S.K.: 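Handing you this structure, nothing more for now.
Atoms within each ligand, like the ligands themselves, are counted from 1 in listed order. Quick caveat: nothing in here was measured; it's all calculated off a predicted structure.
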Amino acid sequence: MLVTQATLPPFEKYVSKIKGIWDNYWLTNQGVLHQEFMQLLKARFNWSEVTLCVNGHMALDIAIKALGLTGEVITTPFTFVSTTNALILNNLTPVFCDINPRDYTIDADLVESLITERTSAIMAVHVYGFPCEVEKLEKIARKHNLKLIFDAAHVFGVEYKNRSIADFGDISMFSFHATKIFNSIEGGALVYKDKSLVNKLDVIKNFGICDAEHVSDVGLNAKMNEFQAAMGICNLDELDDQIASRGVLAEIYRKRLSAVPGIILPEKNNNVTRENNAYFPILVKEDEFGMDRNKLFDILAEQNIGARKYFYPLTCDTAAIRDKYAAAQIPVARWVSERVLTLPIYGKLPVEVVEEICDIIERASKLYAEKC
Ligand SMILES: *Cc1c(COP(=O)(O)O)cnc(C)c1O
């Protein structure tokens, strides 16, 4: 039992979608399926502009290049390593901001104190499916003339005050990786409103080539191919079911685990008018629960339950970079990272398994109660 399971459309549906590729021999580079997928996304979520990419990380990378970021970028260490790597590989300095204890997104109230003359942007992450404090961040970005980029890898389908979560900030990056709530095998998309970015992003994602004889940018290869687009088109039909079943499972987890001493659940945000339950994180408080996160992780693993320590370690603490940037004041992120465990959740996960996982966690805590 892994933490997630990739969504697949019916086999025949995918096969019939890719059949045309054998007629036109067009496998990648803005093919018809690429076009169809892009239009479908725009129509479904009411998005103005969409740029499809080979994966989420490359989407983030070309967004940074197209926006021309320089110097320092205020970001969160409580994320997948991709967010931080994208900054560093573009010669930017990540300035790590702490997170809030309610839903583990960047603490918007701390961002302003980290702004310097070198700051060009804020790169925030909507973790687990929980939106950042988007309005506060937009206000800060506007006031200080900073770009606001959202790593929206976890929030596909999420709505905030009845608006798509991608309506906020200058640009949002979605990941369509196999492990995400929606996938195009690998894949990613940038969503934004500024029409002047469309051509720029298309050029950068194709080596910087602007026409057959001209190269205007030092670009790279970040193009989505036709097989990916076909998977995306087919999987879009699965999204509502996927979100609905996750909602049911999350409710069971929430109901049962909120009663367990020492298990902390993220706070519900009433501004979220459509949630996706991409992940189900819990925090384990050792003093009340009776054992620490790592011990509970081991107990679950013994029963073949593959929970994950997302996000541990923090990206600023990895061997790759821990000595390279100024020591960050991030007590909440450290506290959460040492206690967090994400439990299995995906559309086809049987209700009984969720109940069983709750049983195991309850028993683990009772074990403690009896010992006292
Ligand atoms: C998955 C993920 C990415 C990277 O997306 P890929 O499509 O795997 O390249 C970036 N940021 C976060 C928070 C992610 O979860």
S.K.: In this structure, would Leu40 and Tyr14 fall into the same cluster of hydrophobic residues linked by side-chain contacts under 4.5 Å?
M.R.: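 Looking at the clustering, Tyr14 is in the same group as Leu40.
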S.K.: Is the ring pair Phe174/Phe156 parallel, tilted or perpendicular, if the boundaries are 30 and 60 degrees?
M.R.: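 Perpendicular.
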S.K.: Are Glu159 and Ser164 linked by a side-chain donor-acceptor pair shorter than 3.5 Å?
M.R.: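 No, because no side-chain N or O of Glu159 sits under 3.5 Å from a partner of the opposite role on Ser164.
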S.K.: Report the C-alpha distance between Lys295 and Glu286 in whole Å, list the side-chain angles of each, state the deciding distance to 0.1 Å, and finish with yes or no for salt bridge (Lys or Arg N to Asp or Glu O under 4.0 Å).
M.R.: CA-CA 10 Å; Lys295 179 76 186 145; Glu286 183 179 3; over 6 Å; no
S.K.: If the criterion is any heavy atom closer than 4.0 Å to an atom of ligand 1, which residues make the list?
M.R.: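 Heavy-atom contacts below 4.0 Å: Asn55, Gly56, His57, Thr79, Phe80, Ser82, Thr83, Asp151, Ala153, His154, Met173, Ser175, His177, Lys180, Gly187.
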S.K.: Decide, yes or no, whether a salt bridge links Asp237 with Lys13 under the criterion of side-chain N to carboxylate O below 4.0 Å.
M.R.: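 Between Lys13 and Asp237 there is a salt bridge, with a charged N closer than 4.0 Å to a carboxylate O.
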S.K.: Is there side-chain contact between Leu201 and Glu49, with at least one heavy-atom pair below 4.5 Å?
M.R.: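 They are not in side-chain contact.
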